[in-house]
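Here the structure is laid out as structure tokens; the discussion comes afterwards.
Per chain, numbering begins at 1; letters A, B, ... match sequence-line order. Just so it is clear, the structure is predicted and the values come from calculations on it, not from any experiment. What you see below is based on every heavy atom in this structure, not just the backbone, and it leaves out hydrogens, waters and symmetry mates.
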Amino acid sequence: MQYWLFKTEPDAFSIDDLANIPDQTEHWDGIRNYQARNFLRDDVKIGDLVFIYHSSCKNVGIVGLAQVIKEGYPDHTQFEPESQHYDPKSLIDNPRWVMVDIQFRQKFKETLDLKTIKQMTSIEQIGLVKKGHRLSIMPVQKHEFDLLLKRCVI
DNA sequence: GCCAACGTTGGC
DNA sequence: GCCAACGTTGGC
């Protein structure tokens, strides 16, 4: 069992959107970064727990928890010319981009904001607070997950 | 909206 | 395979 952090812009898709879908399940499409793709394709497994992180918004931080219920499979939007994520170079019999399905687990009472996360010790290794921090899919170590979850208001 | 820090692209 | 130009990300 592994732990992850998925970023999303709440204006496009938020933790509330996930919670409000009838089966509370959504495919995490649109990832167009090779490192993130490799995580989705090779490492994200059924049962893994996922922090949902809101970026590019007023209240940046971890907002909730989801769980992986389907492992990597082709992201259909890469083949849709009208999609913002269309990739004309991707071949139907050799898809370049994959996605996973996740299901809502809980929304925290408060956002665990980035500022707080940065102030936490023993968490320096999480990609989120390292230089760059641009991956939209990143692994979280178990001890980091435990520390972060402990700070979340459930 | 700014801008630093990246990743990607493409000419050579 | 190098690397400059370009596009994107994301906090502020």
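- As a whole-Å value, the separation of A:W97 CH2 from B:dG7 C1' is 10 Å.
- The residues A:R32 and A:D87 are annotated as not salt-bridged, no charged nitrogen and carboxylate oxygen being separated by less than 4.0 angstrom.
- Other residues, nucleotides and ligands place more than 12 heavy atoms under 6.0 Å from the CZ atom of A:R96.
- In this entry the distance linking CZ of A:R134 with C1' of C:dC12 reads 16 Å, nearest Å.
- One atom, CG of A:L135, and another, P of C:dG10, lie 9 Å apart when rounded to the nearest Å.
- When each of B:dG7, B:dA5, C:dG11 is scored by its nearest atom to the side-chain atoms of A:Q35, the top-ranked nucleotide is B:dG7.
- As judged by a 4.0 angstrom heavy-atom cut-off over every strand, A:S56 is placed among the base-contacting residues.
- Atoms CD1 and CZ, on A:I137 and A:R37 in that order, are 12.5 Å from each other to the nearest 0.5 Å.
- Nucleotide B:dT8 holds its P atom 13 Å from the CD1 atom of A:I31, rounded to whole Å.
- Atom CG of A:N33 and atom P of C:dT9 are 9 Å apart (whole Å).
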Output, in order, the C-alpha distance, side-chain angles, deciding distance and verdict of side chain to side chain donor-acceptor pair (under 3.5 Å) for A:W28 and A:D101.
CA-CA 6 Å; A:W28 209 256; A:D101 288 358; over 6 Å; no
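- Listed pair A:K7 / C:dG10 meets the phosphate criterion, a side-chain N or O lying under 4.0 Å from OP1 or OP2.
- Listed pair A:Y53 / C:dT9 fails the phosphate criterion, with no side-chain N or O lying under 4.0 Å from OP1 or OP2.
- A:D75 contributes a side-chain N or O that, together with a main-chain N or O of A:G30, makes up a donor-acceptor pair within less than 3.5 Å.
- Taking every side-chain heavy atom of A:Y34 into account, B:dT8 is the closest of C:dG7, C:dC12, B:dT8.
- Nucleotide C:dG10 holds its P atom 8 Å from the CE atom of A:M138, rounded to whole Å.
- The distance from atom CD of A:Q84 to atom P of C:dT8 is 10 Å, rounded to the nearest whole Å.
- Atom CZ in A:F6 sits about 14 Å away from atom P in C:dG10, given to the nearest Å.
- The side chain of A:K118 contributes an N or O atom lying less than 4.0 Å from OP1 or OP2 of C:dC12.
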